[in-house]
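Working notes for the structure below.
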Amino acid sequence: GAVVSQHPSWVICKSGTSVKIECRSLDFQATTMFWYRQFPKQSLMLMATSNEGSKATYEQGVEKDKFLINHASLTLSTLTVTSAHPEDSSFYICSASPSGGALDNEQFFGPGTRLTVL
Amino acid sequence: GQNIDQPTEMTATEGAIVQINCTYQTSGFNGLFWYQQHAGEAPTFLSYNVLDGLEEKGRFSSFLSRSKGYSYLLLKELQMKDSASYLCAGRTYTGGFKTIFGAGTRLFVKA
């Protein structure tokens with residue numbers, strides 16, 4: 001149990017296009033999901049906290065108009081990188097915590113999406 | 001502010017024991033995670049400590065001292081497959097829960 005999926009697993013796009021990444025909790029409900037970005041040989045940097053039914057909370061320095069987050073249901077959050085540029089190339093990982101229950105202290109990570117912008 | 005420090009790299013020998021230290025300064029501290037991450041993959045959960053003390057789980061143990069802002073991950077009977085990055089992460093609550101990650105410690109296990 002407690003599986004999180006991401007789609008796509010990798011994407012290559014041209015500069016200026018927008019890319020949508022989906023994060024799904026497959027067998028549990030998640031009121032809150034988190035989006036991270038990870039550059040090579042660096043740790044995960046929290047970008048934003050995605051809250052079901054309300055606006056996402058962005059970390060300092062993360063442009064909310066560039067990284068659009070939508071959390072339309074208890075099992076799905078999406079991150080859209082708008083007008084992507086080469087510097088946006090990174091590994092994007094989402095995580096989710098089961099709402100309540102014995103596992104509510106544990107975060108389950110998706111497999112990540114590798115974005116390459118040409 | 002939020003600050004989590006851990007060594008950048010460590011090397012150990014197969015079959016040995018290694019301890020990876022982590023110090024933290026976080027507001028709204030609510031617990032400490034350790035994750036393992038192999039290159040190109042997502043992190044996998046190892047442990048979560050809320051109270052002071054040592055928690056053992058098979059070959060892996062994790063220790064927390066809240067008063068000292070200190071934690072360590074202990075790996076016993078090292079195997080080659082344990083070569084990975086180990087991420088120390090603090091769970092914080094400042095109006096909502098979130099997890100702040102350290103830079104990670106890359107562990108190399110040699111034969």
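Nothing here was measured: the structure is a model prediction, and the numbers come from that model. In the text below, chain A, chain B and the rest are named by the order of the sequence lines, each starting its count at 1.
- Within 6.0 Å of the CD atom in E59(A), the count of heavy atoms belonging to other residues, nucleotides or ligands exceeds 12.
- Taking a 6.0 Å sphere around NZ of K20(A), one finds it holds 12 or fewer heavy atoms contributed by other residues, nucleotides or ligands.
- Note on Y72(B) and Y24(B): separate hydrophobic clusters, where clusters join Ile, Leu, Val, Met, Phe, Trp and Tyr whose side-chain heavy atoms are under 4.5 Å apart, directly or indirectly.
- Note: F45(B) and F109(A) fail the aromatic proximity criterion, with ring centroids not under 6.0 Å apart.
- Residue M10(B) places its CE atom among more than 12 non-hydrogen atoms of other residues, nucleotides or ligands, all under 6.0 Å distant.
- Counting heavy atoms from C-beta on, the side chains of I100(B) and M45(A) never come closer than 4.5 Å.
- Most heavy-atom pairs under 4.5 Å with chain A, from the set P43(B), A89(B), G104(B), A42(B): that is P43(B).
- With a 4.5 Å cut-off on non-hydrogen atoms, S85(B) does not touch chain A at all.
- Of the listed residues (L87(B), T99(B), T8(B)), the one with the most heavy-atom contacts under 4.5 Å to chain A is T99(B).
- For L44(A), the parts sitting under 4.5 Å from any heavy atom of chain B are the backbone and the side chain alike.
- For the atom pair OG (S97(A)) and CZ (R91(B)), the distance works out to 6.0 Å, reported to the nearest 0.5 Å.
- Atom OH of Y35(B) and atom OG of S95(A) lie 7.0 Å apart (nearest 0.5 Å).
- From F101(B), atom CZ reaches atom CD of Q38(A) across 9.0 Å, with rounding to the nearest 0.5 Å.
- Side-chain contact between T44(B) and F108(A): absent, with no pair of heavy atoms (C-beta onward) separated by less than 4.5 Å.
- Note on Y92(A): it does not cluster hydrophobically with L46(A), by side-chain heavy-atom contacts below 4.5 Å among ILVMFWY residues.
- Note that CZ of F91(A) and CD of E41(B) are 8.5 Å apart. Values are rounded to the nearest 0.5 Å.
- Side-chain heavy atoms closer than 4.5 Å link hydrophobic residues (I, L, V, M, F, W, Y) into clusters, and following such links, even through other members, never connects Y48(B) to L74(B).
- Summarising the local packing, NE2 of H38(B) is surrounded by more than 12 heavy atoms from other residues, nucleotides or ligands at distances under 6.0 Å.
- Both L75(B) and L32(B) are part of a single hydrophobic cluster, where members link through side-chain heavy atoms under 4.5 Å apart.
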